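Computed from a predicted structure; not experimentally measured. In each ligand, atom 1 is the first atom listed, and ligand 1 is the first ligand listed. Heavy atoms only: backbone and side chains are in, while hydrogens, waters and symmetry mates are out.
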Amino acid sequence: MSTKVPLFSEKNSLFKSLQDLSINGDEPPLQYIVKESKFGSKDTSALSIPIPIIDVSLLSYSKDELEKLRSCLNSEGCFQAIGHGISSSYLDRVREAAKHFFTLPAEEKQKYARAVNESEGYGNDMIVSDKQVLDWNYRLTLRVFPEDKRRPALWPENPSDFSEILDEFSTKTKLMMNLLLKAMARSLNLEEGSFLNQFGERALMQARFNFYPRCSKPDLVLGVKPHTDRSGITVLLQDKEVEGLQILIDDKWVNVPTIADALVVNLGDQMQIMSNGMFKSPMHRVVTNPEKLRMSVAMFNEPDPEIEIGPVNDLIDEKRPRLYRNVKNYGIINYKSYQEGKIALETVQIDQHSDQK
Ligand SMILES: O=C(O)CCC(=O)C(=O)O
Ligand SMILES: [Fe+2]
């Protein structure tokens with residue numbers, strides 16, 4: 001069933017499309033101007049300190065690489081993955097398919113528009129409040145796993161190989177994620193399935209294609225506001241040339257450089273919960289660019305919402321008490337908290353001073 005809802009129809013039909021704005025250089029509407037928040041300073045400048053690089057192919061036998069993985073997930077919660085076995089030409093095909101879709105005429109893309117209260121499909125931010133600051137981007141969000149939850153009517157028919165590429169890319173990414181989840185457990189001397197098994201057979205995977213038009217006010221407008229991912233694990237294919245992703249390390253925004261063949265891996269909140277805080281779900285954001293368009297493809301993998309997840313028992317002891325309660329369907333908690341301006345993880349955190357059972 002394809003829905004035909006015009007973009008920005010929710011509250012304010014006066015908005016022009018971001019694409020038009022970025023071309024004619026108009027002032028961004030007030031709804032896009034960022035405000036100071038507890039999610040990190042709004043200053044859009046960033047440091048250029050290196051983000052760790054992990055060679056995925058070494059993780060099965062190199063103790064050093066495994067230790068590097070543990071250490072960077074414990075501090076940054078993010079790394080650039082190389083040696084993942086997905087060829088550079090294949091990554092370019094994924095980028096090309098995304099680009100092809102976004103450059104279609106607006107009416108064509110509208111065939112896949114997301115319905116007002118749904119996250120799947122093509123569109124901009126869901127508008128839930130008048131106070132909301134909007135992200136400067138267009139996105140196409142599609143559920144890829146479990147396969148029986150796909151909505152084929154929202155999968156673009158143009159380019160004609162879009163579905164095939166997305167299907168294949170999802171399978172490849174999922175394999176890599178599963179391998180990483182096992183390596184993460186081993187790096188903490190846990191049973192290999194300690195994290196992976198919590199995802200379940202019916203783990204959810206969403207693909208999000210992000211398109212960031214040019215923006216005349218990069219110091220005032222963000223491509224994506226600061227957030228942590230609700231996922232367990234996120235794999236991101238960055239634009240080949242245009243940077244924009246920044247991650248918060250020690251309260252400072254750090255640029256995540258583009259490495260053509262690398263995939264950025266960052267953990268989401270649910271891995272911070274399952275690892276009892278041993279691994280971090282980093283705050284990140286995307287800045288806008290006055291000259292160049294940017295694209296990215298994010299793959300989010302999260303536990304089956306029917307399964308209760310929680311800190312792995314072996315990561316709880318007197319020295320390291322349980323930090324989070326068990327939760328089911330964290331996606332909803334995360335979504336609600338974000339809309340209310342709260343930090344979602346704080347809502348499932350156990351107050352260490354109270355009487356906890
Ligand atoms: O476009 C990017 O680099 C990151 C996007 C992102 O953080 C997200 O979609 O959750
Ligand atoms: Fe994100």
Backbone, side chain, both or neither: what part of [X] comes under 4.0 angstrom of ligand 1, heavy atoms only?
X: Val264; result: neither
X: Arg285; result: neither
X: Asp229; result: side chain

Note: NE2(His227)-the Fe ion (ligand 2)-NE2(His284) angle, rounded to 10 degrees, equals 90°
### Query
With a 4.0 Å cut-off on heavy atoms, does Arg139 reach ligand 1?
no
Could you check whether [X] pairs with [Y] (Lys NZ or Arg NE/NH1/NH2 to Asp/Glu carboxylate O, under 4.0 Å)?
X: Glu192; Y: Arg186; result: yes
X: Arg320; Y: Asp317; result: no
X: Arg202; Y: Asp148; result: yes
X: Lys328; Y: Glu306; result: no

Atom name of the N, O or S atom of Asp229 nearest to the Fe ion (ligand 2) is OD1
Looking just at side-chain N and O atoms, do Gln238 and Arg294 make a donor-acceptor pair shorter than 3.5 Å? yes
Just to confirm my output: which protein heavy-atom neighbour is closest to [atom], and how far is it?
atom: atom 4 (C) of ligand 1; answer: Val286 CG2, 3.6 Å
atom: atom 3 (O) of ligand 1; answer: Arg294 NH2, 2.9 Å
atom: atom 10 (O) of ligand 1; answer: His227 NE2, 3.1 Å
atom: atom 9 (O) of ligand 1; answer: Arg208 NH1, 2.8 Å

Considering the heavy atoms of [X], write down every atom of ligand 1 situated less than 4.0 Å from one of them.
X: His284; answer: 7 (O)
X: Asn210; answer: 1 (O), 5 (C), 9 (O)
X: Phe300; answer: 8 (C), 9 (O), 10 (O)

### Query
Which of parallel (below 30°), tilted (30 to 60°) and perpendicular (above 60°) describes Tyr138 and Phe211?
tilted
Test: Lys109 cationic atom under 6.0 Å from Phe102 six-membered ring centre, within 45° of axis: no
Item checked: Axial cation check for Phe145 ring with Lys174, 6.0 Å and 45° limits -> yes
Quiz prompt | Ring centre gap for Phe162 and Phe209 strictly below 6.0 Å | solution = yes
